[in-house]
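For reference, the structure discussed in these notes is given below.
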Amino acid sequence: MKLFPSFTSEIIPERPYSFELTVRKPTGWALFTPSEIFAEGTLWTATHIDNRLVGIKLRSKGTLDEPTVIAEIFLEKKPNASQLRSINRSVTRSIGASEDLTEFYAMAENDDILKHAVVDLRGMHNTMASTIFPDAILAITLQMTTITRSNQMMDCLLRTYGDVAEFDGKIVHAWPRPDSLASVTPEVLAKMCNMGYRAKHLVRLAKKIDSEGFPNIEELESLTPMEAKKLLLELPGIGDYSADIINPHGGFPIDVWSADVFGQLLFGKEPVDKDKEIQLIKNEGIRRWGKWSWMAFYYVVQDLENLSDRLGVKLRLS
DNA sequence: GCGTCCAGGTCTACC
DNA sequence: GGTAGACCTGGACGC
């Protein structure tokens with residue numbers, strides 16, 4: 001779909017704000033889609049906001065302590081005033097511009113693990129999807145397989161069922177909308193993208209979000225973290241780990257990989273019986289970092305290589 | 001070349 | 001409430 005220049009916003013994030021660390025994480029996690037393009041300090045990306053395909057060009061005009069982000073928005077049609085406000089609000093929230101890191105940093109400076117990460121990654125804000133569906137796709141494709149195959153599944157979903165945004169001389173593939181996958185049979189999806197048993201979960205989940213009135217990301221955000229998680233656990237194929245990935249409040253998503261990392265950091269050893277020890281590691285992380293558990297997880301995972309050196313432990317990088 | 005194991009979880013049946 | 005076993009697939013590994 002061709003998108004045209006619509007409007008430009010100047011966003012003033014809470015300081016400190018590192019544009020590059022925030023929109024382009026050290027681990028390579030994308031802001032909205034793995035297909036987005038980052039070059040010479042500018043990000044071209046695409047997502048759905050209010051069911052509308054939106055092309056977004058982001059660049060920094062400021063510094064870590066005097067940050068300004070310029071967001072150029074590309075749409076198929078001219079938005080009305082309400083749509084414009086909604087897109088602005090969504091982009092501002094997604095790039096973590098309103099997030100105040102002061103309290104987290106104060107806690108982290110007295111934490112033997114985090115005190116290193118917050119120095120290494122000063123100004124990195126938490127980013128957020130504009131809808132829950134992309135994170136649900138991520139969570140389901142990560143389940144019980146290798147990262148290589150997860151990436152193959154995600155790439156197929158993106159290119160076969162996603163929307164293509166053409167704008168500013170770039171082409172970016174956005175994640176599929178729930179209605180695009182709700183109309184596909186699990187058999188076709190399993191065959192097309194080698195998804196195996198995950199296909200039926202994903203199709204049922206797409207139908208539930210598309211037509212059964214499941215709360216959107218802003219509605220989940222207005223609930224308490226536990227209320228939001230309880231609702232997410234009602235989605236097909238979404239268990240404790242996946243709900244912690246999708247929850248807009250953040251969680252402490254411990255899987256077999258992060259269990260090795262946080263087992264080393266919190267108990268000095270990787271778990272032997274992962275099934276049993278994952279819950280212990282999760283409980284200890286939540287006990288130690290409380291409401292900042294997600295930010296702690298986020299900073300640690302983005303800083304593994306440095307932390308391995310600084311703490312003198314061998315952390316499994318991926 | 002072939003068989004087996006296992007990987008960034010979740011669901012269900014059974015106790 | 002707790003837990004064992006099934007679930008798609010393909011790469012790695014041993015033989």
Side-chain angles (χ1 to χ4, degrees), chain A residues 25-30 34 129 132-158 160-161 181 184-209 214 228-247 250-267 269-286 293-294 296-305 307-308 314-318:
Chain A
K25 314 285 183 312
T27 54
W29 292 5
I132 64 169
F133 199 50
D135 281 346
I137 291 175
L138 172 74
I140 285 179
T141 53
L142 280 175
Q143 291 170 11
M144 211 184 73
T145 188
T146 56
I147 283 296
T148 304
R149 187 165 165 229
S150 295
N151 287 335
Q152 287 168 354
M153 286 187 263
M154 286 190 276
D155 189 60
C156 175
L157 289 167
L158 198 64
T160 309
Y161 300 103
L181 291 184
V184 181
T185 67
E187 292 76 19
V188 168
L189 191 60
K191 191 174 179 185
M192 183 71 78
C193 293
N194 282 338
M195 291 199 67
Y197 71 92
R198 300 167 197 80
K200 63 177 184 292
H201 286 161
L202 192 54
V203 170
R204 283 174 56 208
L205 191 151
K207 285 180 178 170
K208 186 148 185 161
I209 293 177
F214 194 80
K229 182 164 179 175
K230 192 177 171 192
L231 280 174
L232 290 167
L233 287 171
E234 293 175 6
L235 291 171
I238 301 302
D240 186 73
Y241 166 75
S242 300
D244 277 351
I245 287 182
I246 303 169
N247 196 339
F252 198 61
I254 298 299
D255 55 19
V256 297
W257 164 68
S258 53
D260 283 346
V261 171
F262 284 92
Q264 278 281 11
L265 292 173
L266 298 172
F267 294 106
K269 63 181 181 66
E270 293 182 357
V272 179
D273 184 342
K274 290 186 179 174
D275 284 347
K276 288 182 179 166
E277 295 180 56
I278 277 178
Q279 195 54 50
L280 291 176
I281 293 166
K282 189 168 176 126
N283 291 346
E284 175 59 14
I286 292 169
S293 297
W294 167 250
F297 179 93
Y298 191 59
Y299 265 70
V300 165
V301 167
Q302 298 299 332
D303 199 36
L304 284 183
E305 208 162 343
L307 284 178
S308 287
K314 192 174 179 186
L315 298 172
R316 189 177 152 196
L317 299 181
S318 62

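This structure is a prediction, so every number in the text was calculated from the model and none was measured. Hydrogens, waters and symmetry mates play no part in the numbers below; they use all other heavy atoms, side chains included. Chain naming here is simple, since letters A, B, ... match the order of the sequence lines and numbering starts at 1 in each.
Paired runs in DNA chain B that reach 3 or more consecutive Watson-Crick or G-U pairs, where each pair keeps both distances under 3.5 Å, cover B:1-7 with C:9-15, B:9-15 with C:1-7.
Side-chain contact check for Met154(A) versus Asn151(A): some heavy-atom pair is nearer than 4.5 Å. Residues Val301(A) and Val261(A) form no side-chain contact, since every pair of their non-hydrogen atoms from C-beta on lies 4.5 Å or further apart. You'll find the side chain of Val256(A) stays beyond 4.5 Å of the side chain of Tyr241(A), heavy atoms only. Contact annotation: the side chain of Leu157(A) approaches that of Leu189(A) to within less than 4.5 Å [non-hydrogen atoms, C-beta and beyond]. Side-chain contact between Leu202(A) and Phe133(A) is present, with heavy atoms from C-beta onward closer than 4.5 Å. With contacts defined as side-chain heavy-atom distances shorter than 4.5 Å, the pair Asp240(A)/Lys229(A) qualifies. In this structure, Trp257(A) and Ile147(A) have side chains that are not in contact, with every pair of non-hydrogen atoms separated by 4.5 Å or more.
Taking the C1' atoms as reference points, dT3(C) lies 22 Å from dG8(B), given to the whole Å. Rounded to whole Å, the P atom of dA13(B) lies 15 Å from the corresponding atom of dC8(C).
Contacts between residues 250-262 of chain A and DNA chain B, counted as heavy-atom distances below 4.0 Å, involve Asp255(A), Val256(A), Trp257(A). Within residues 269-280 of chain A, no residue places a heavy atom under 4.0 Å from DNA chain B. At a non-hydrogen distance threshold of 4.0 Å, Met144(A) from residues 133-148 of chain A come into contact with DNA chain C.
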Quiz item: Do Phe262(A) and Glu284(A) pass the side-chain contact (heavy atoms from CB on, under 4.5 Å) test, and can you show the C-alpha distance, the side-chain angles, and the key distance before you say yes or no?
Solution: CA-CA 9 Å; Phe262(A) 284 92; Glu284(A) 175 59 14; over 6 Å; no
Quiz item: Are Leu232(A) and Phe214(A) close enough, and set up right, to give a side-chain contact (heavy atoms from CB on, under 4.5 Å), and what steps lead you there?
Solution: CA-CA 9 Å; Leu232(A) 290 167; Phe214(A) 194 80; 4.1 Å; yes
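Side-chain atoms of Glu277(A) come within 3.5 Å of backbone atoms of Val272(A) as a donor-acceptor pair (strictly under, hydrogens ignored). Checking side-chain atoms of Asn283(A) against main-chain N and O of Gln279(A) turns up a donor-acceptor pair under 3.5 Å. Ser258(A) places a side-chain N or O within donor-acceptor distance of the main-chain N or O of Pro253(A), the cut-off being under 3.5 Å. A donor-acceptor distance shorter than 3.5 angstrom exists from the side chain of Gln143(A) to the backbone of Gly237(A), with no hydrogens or angles considered. Proximity of a side-chain donor or acceptor of Trp294(A) to a complementary backbone N or O of Asp244(A) within less than 3.5 Å is not detected. Checked by atom type and distance alone, the side chain of Ser150(A) pairs as donor or acceptor with a backbone atom of Thr141(A) at under 3.5 Å. Arg198(A) places a side-chain N or O within donor-acceptor distance of the main-chain N or O of Met195(A), the cut-off being under 3.5 Å. Panel note: side chain Gln302(A), backbone Thr27(A); a donor-acceptor pair is recorded below 3.5 Å.
Note: Ile254(A) CD1 to Leu266(A) CG = 8.0 Å, rounded to the nearest 0.5 Å.
The residue Arg316(A) sits close only to the backbone: its heavy atoms come under 4.0 Å of sugar-phosphate atoms, none of a base. Backbone-only contact: Lys200(A) has heavy atoms under 4.0 Å from sugar-phosphate atoms and none from a base.
Between Val301(A) and Gly237(A), the residue anchored closer to the 5' end of DNA chain B is Val301(A), taking for each the nucleotide with the nearest heavy atom.
Note that the first and last nucleotides of DNA chain C, 5' to 3', having any atom under 4.0 angstrom from a heavy atom of chain A are dC7(C) to dG10(C). Between chain A and DNA chain B, the heavy-atom contact criterion of under 4.0 Å yields a 5' to 3' nucleotide range of dA7(B) to dC11(B).
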